[in-house]
Amino acid sequence: MPTRQPLDSGSGQEILIQIEGLVKNFGKLEVLKGIDLNVRKGDVIVLIGPSGSGKSTLLRSINLLEKPTAGKIIFEGNDVTQAGKKELSLLRQRMGMVFQQFNLFPHLKVKDNITVAPIRVRNTPKEEAEAKARKLLERVGLIDKWDTWPQNLSGGQKQRAAIVRALAMDPDVMLFDEPTSALDPEMVGEVLDVMKNLAREGMTMLVVTHEMRFAREVGDYILFMDDGQIVEAGTPEQVFDHPQQKRTQDFLQKVL
Amino acid sequence: MINFAKIWEILVTKFPAFMEGVEITLQLAFFTVLLGSLLGLVVAICRRTRLAPLRWLMNIYVAFIRGTPLLVQVLLVVYGLPQLGVKLPRMTLCIIALVINSGAYMAELIRAGLQSVAKGQVEAAESLGMSSGQTMLYIILPQAVKVTLPAMGNEFVAIIKESSILYAVGVYELTYQAYKLASVNYYYIETMIVAALIYFVLTYVATKLLGLLERRMRRADTSAA
Amino acid sequence: MKKCLALVMALCLALCASQAALADMLSDIQEKGTLVVGASVGFPPYEFYYTNPETGEEELQGFDMKLAQAIADELGVEMVLADQTFAGLITALRAGEIDMIASGMAVREDRLEVVDFSKPYYTGTQIMMIRAEDAETLTTVESMSGKRVGAQMGALQATILEEQFAASEPQLMDNISLMVMDLLQGTLDGVLLTDLVAKTYIARYPGQLVIAEVPVEYDNSDGVAVAVNKGDNAALLEVINSVIERVTTDGTFDAWVDEATALNATLLEE
């Protein structure tokens with residue numbers, strides 16, 4: 001149910017993202033029906049809910065891949081929805097995004113996938129960008145894929161490379177849009193491990209996922225969405241163990 | 001009756017004249033594909049802009065070129081431009097005409113190439129903070145060009161053949177050479193058969209070479225592990 | 001496509017002709033009831049299309065066509081025009097696609113090797129047409145050296161260009177009107193033409209085009225004649241020659257030339 005008071009992840013320090021009255025319509029279809037949400041620095045927020053509930057749309061609205069119909073998204077003091085082209089580029093550079101289908105650039109080798117944005121967008125010198133890319137690839141165990149084409153990676157490797165690509169821009173927040181949904185079951189673990197490590201290092205994260213174990217283990221705050229609204233929110237214990245709303249209970253019964 | 005011995009005789013004795021024509025024909029095809037692709041690229045990108053008048057203009061250009069014969073376009077350019085005060089060598093004017101023609105077809109090919117790039121690629125680029133220009137330049141275009149390359153090769157082969165109509169305005173390409181020869185040796189059909197054979201060798205070899213290039217490019221993609 | 005079709009047709013006809021050539025050409029023509037005349041129409045005043053202002057109908061005009069018609073009348077058959085490029089006429093004749101050529105074709109030695117000619121019916125004068133502004137400077141063969149000179153592909157003028165103006169830059173083309181356009185636009189500096197043809201263009205662009213003082217030499221002894229295929233053509237040539245004899249002596253032919261020139265002039269005035 002929508003609340004007047006914005007939901008607040010609460011556990012972290014200062015507010016990083018402030019969402020107010022966010023509405024998104026696709027034609028006549030209302031996908032988001034007025035979302036209010038505060039995301040505090042360092043928090044890991046996991047969005048769960050049935051497909052079509054609007055959780056991906058909410059995530060994609062934050063970096064304006066979807067243009068909201070109404071509402072505000074304040075990120076580090078700037079309203080993303082009102083940003084001009086230059087400003088939007090700067091805001092997006094500080095928000096890393098990971099996609100369900102990886103969306104690696106097939107015409108670029110792994111190293112170039114990672115360094116293309118730092119070099120072209122931020123004018124980072126090539127050596128510096130590559131040094132950083134190596135460090136990040138080492139962290140996710142992919143340094144041996146440095147000179148490889150994306151087509152020759154497994155699904156799990158692709159997604160880890162995609163995470164590194166986003167991290168190479170030094171984002172303040174990472175948005176994960178169903179990062180393991182397109183993976184074979186045996187590869188889900190390696191990607192979740194990378195995400196867990198990130199969370200442990202204090203990265204602010206918003207994650208849309210169907211991995212309930214991951215949500216419970218890593219999430220600071222769980223949002224259950226249905227029909228374009230945040231139906232229930234709270235700590236993993238509150239939402240998973242003591243769901244208050246009938247819709248939450250029904251959903252959890254089906255997926256757990 | 002066709003004199004088959006004569007075909008061989010014409011080929012052997014007039015080989016230099018034919019080769020002169022081949023050189024011009026290949027030059028025409030090369031410059032046309034090179035400049036035509038650039039023009040097609042510009043047009044294809046203009047057709048994606050939000051500026052409606054520019055889009056319309058490009059659509060009209062493509063529709064007009066595709067809807068009129070090449071020979072008419074050549075005559076319009078070769079005799080129309082000089083009347084507008086553009087004095088250029090005949091060969092240059094003909095290349096301009098071919099480029100204008102080819103650009104329209106290339107624009108369609110490149111548009112299809114651009115459309116073939118998945119939407120997720122644009123989203124990934126934008127999520128990294130790339131501007132639409134950077135996204136086009138570093139992400140969409142390289143992928144689109146790769147998809148379009150085989151079609152560009154076909155265009156090269158097509159222009160080898162289509163440039164033959166330039167004989168009408170006196171460009172010394174292969175058909176012109178054959179035509180000129182036939183007008184004095186009176187072995188019209190035999191001479192044209194020689195021209196046809198040479199055209200066939202040209203297009204056959206070009207097609208094979210392009211196929212080889214294409215395969216090598218595809219292999220480079222998958223064997224780099 | 002058209003070229004391809006023409007080639008296929010020519011091939012078929014070539015095969016047929018090898019059979020037909022055995023028979024006497026004259027009786028052949030009379031048997032089928034048509035005289036197929038090859039000409040490259042668009043060469044005023046020899047042969048050109050003229051839209052009659054009174055009827056609005058497009059008429060075939062020119063003294064070549066009048067002569068061809070007179071020959072067909074004499075043979076008692078219908079005249080059928082086969083309009084095609086000048087350079088392809090002899091090949092078409094040899095393939096049996098057409099019965100004769102009446103297209104301002106000058107008798108030339110190399111042509112005599114492959115076809116037979118009637119007696120000449122017209123002697124044109126070959127000239128060099130240039131832009132009026134060059135009339136003072138382009139006066140000799142030497143002055144044309146390095147200049148771009150146009151001539152119709154396969155025509156007498158092409159031979160003259162090659163032999164007499166070897167120092168000029170040759171530009172052979174099919175279409176005379178395009179060459180004249182090139183001359184006007186400065187792409188060409190001179191065009192070799194028959195005087196009658198030149199005069200019609202000069203009438204069309206007064207003050208812009210002139211006949212140069214450049215002497216154009218060529219073997220004029222034979223002039224323009226009707227061409228027929230080699231073979232059993234004696235009877236056919238006899239009829240053609242008798243018609244030519246008649247019209248050139250009784251003034252009919254001169255009247256045709258005058259009429260064609262006059263018609264063409266009105267055409268150009270519009």
Side-chain angles (χ1 to χ4, degrees), chain A residues 59-60 62-66 83-110 112-123 144-145 147-154 157 162 165-171 174-175 177 182, chain B residues 37 40-41 44-46 48-52 54 109-153 213-225:
Chain A
L59 198 75
R60 290 161 55 82
I62 293 172
N63 68 353
L64 227 64
L65 287 184
E66 302 291 353
K85 279 184 180 177
K86 273 253 168 67
E87 204 186 344
L88 182 60
S89 164
L90 289 170
L91 292 172
R92 279 171 166 166
Q93 288 175 43
R94 300 205 296 269
M95 297 192 261
M97 180 130 190
V98 176
F99 300 86
Q100 182 179 350
Q101 298 296 339
F102 330 126
N103 295 353
L104 287 176
F105 305 129
H107 62 297
L108 298 178
K109 289 181 171 180
V110 169
D112 299 314
N113 259 280
I114 297 165
T115 56
V116 64
I119 292 173
R120 301 299 182 186
V121 180
R122 202 169 267 169
N123 295 319
D144 58 320
K145 303 297 180 192
D147 215 14
T148 303
W149 294 100
Q151 295 87 310
N152 300 330
L153 298 180
S154 72
Q157 292 170 334
R165 180 176 68 181
L167 289 174
M169 292 297 276
D170 287 316
M174 286 285 285
L175 311 172
D177 188 5
Chain B
S37 324
L41 183 61
I45 290 174
C46 285
R48 285 163 71 101
T49 72
R50 281 184 208 90
L51 262 164
L54 188 61
L109 295 175
I110 292 169
R111 178 163 81 153
L114 292 175
Q115 279 170 349
S116 76
V117 177
K119 193 164 150 268
Q121 293 291 307
V122 179
E123 291 185 347
E126 284 182 346
S127 77
L128 290 165
M130 286 195 188
S131 67
S132 48
Q134 288 168 332
T135 303
M136 178 57 78
L137 193 60
Y138 301 119
I139 307 302
I140 303 177
L141 262 189
Q143 298 185 48
V145 164
K146 209 165 191 177
V147 174
T148 316
L149 231 40
M152 284 181 180
L213 195 74
E214 205 184 314
R215 265 203 301 284
R216 180 163 297 179
M217 270 182 51
R218 223 178 297 140
R219 214 175 310 140
D221 271 6
T222 48
S223 67

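The sequence lines fix the lettering, A, B, ..., with proteins before strands; numbering per chain opens at 1.
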Could you give the distance from NZ (A:K86) to OG (B:S131), rounded to the nearest 0.5 Å?
-> 9.0 Å
Measure distances from B:Q134 to the heavy atoms of chain A and classify the residue's part below 4.5 Å as side chain, backbone, both or neither.
-> side chain
Return yes if some donor-acceptor pair links the side-chain N/O of A:S89 with the main-chain N/O of B:G129 below 3.5 Å, else return no.
-> yes
Sub-3.5 Å donor-acceptor pair from the side chain of A:H107 to the main-chain atoms of B:Y138, do we have one?
-> yes
Measure the shortest side-chain to side-chain distance between B:E126 and A:L65 over non-hydrogen atoms and say whether it is less than 4.5 angstrom.
-> yes
Side chain, backbone, both or neither: which part of A:M95 has a non-hydrogen atom closer than 4.5 Å to chain B?
-> backbone
Could you walk me through whether A:R92 and B:L128 pass the side chain to side chain contact (heavy atoms under 4.5 Å, CB included) check?
-> CA-CA 6 Å; A:R92 279 171 166 166; B:L128 290 165; over 6 Å; no
If you round to the nearest 0.5 Å, how far is OG of B:S127 from CD1 of A:I62?
-> 13.0 Å
With a 4.5 Å heavy-atom cut-off, do B:E123 and A:M97 have their side chains touching?
-> no
Based on non-hydrogen pairs under 4.5 Å, which of A:L104, A:L88, A:V98, A:N63 is most in contact with chain B?
-> A:L104
Name the region of A:F99, side chain, backbone, both or neither, that has any atom closer than 4.5 Å to a heavy atom of chain B.
-> side chain
Which residues pass the side-chain contact (heavy atoms from CB on, under 4.5 Å) test with B:T148, sequence neighbours left out?
-> B:L109, B:I110, B:M152
Under the side chain to side chain contact (heavy atoms under 4.5 Å, CB included) rule, what do A:R120 and B:L137 come out as? Steps first, then yes or no, please.
-> CA-CA 10 Å; A:R120 301 299 182 186; B:L137 193 60; over 6 Å; no
Mind checking what makes side chain to side chain donor-acceptor pair (under 3.5 Å) contact with A:R122, not counting sequence neighbours?
-> A:Q93
Engaged part of B:A118 at the chain A interface, taking heavy atoms whose separation is under 4.5 Å = neither
Non-hydrogen atoms of A:F105 and B:A124 that approach each other most closely = CE2-CB, 3.9 Å
So which part of A:L64 gets closer than 4.5 Å to some heavy atom of chain B, the side chain, the backbone, both or neither?
-> neither
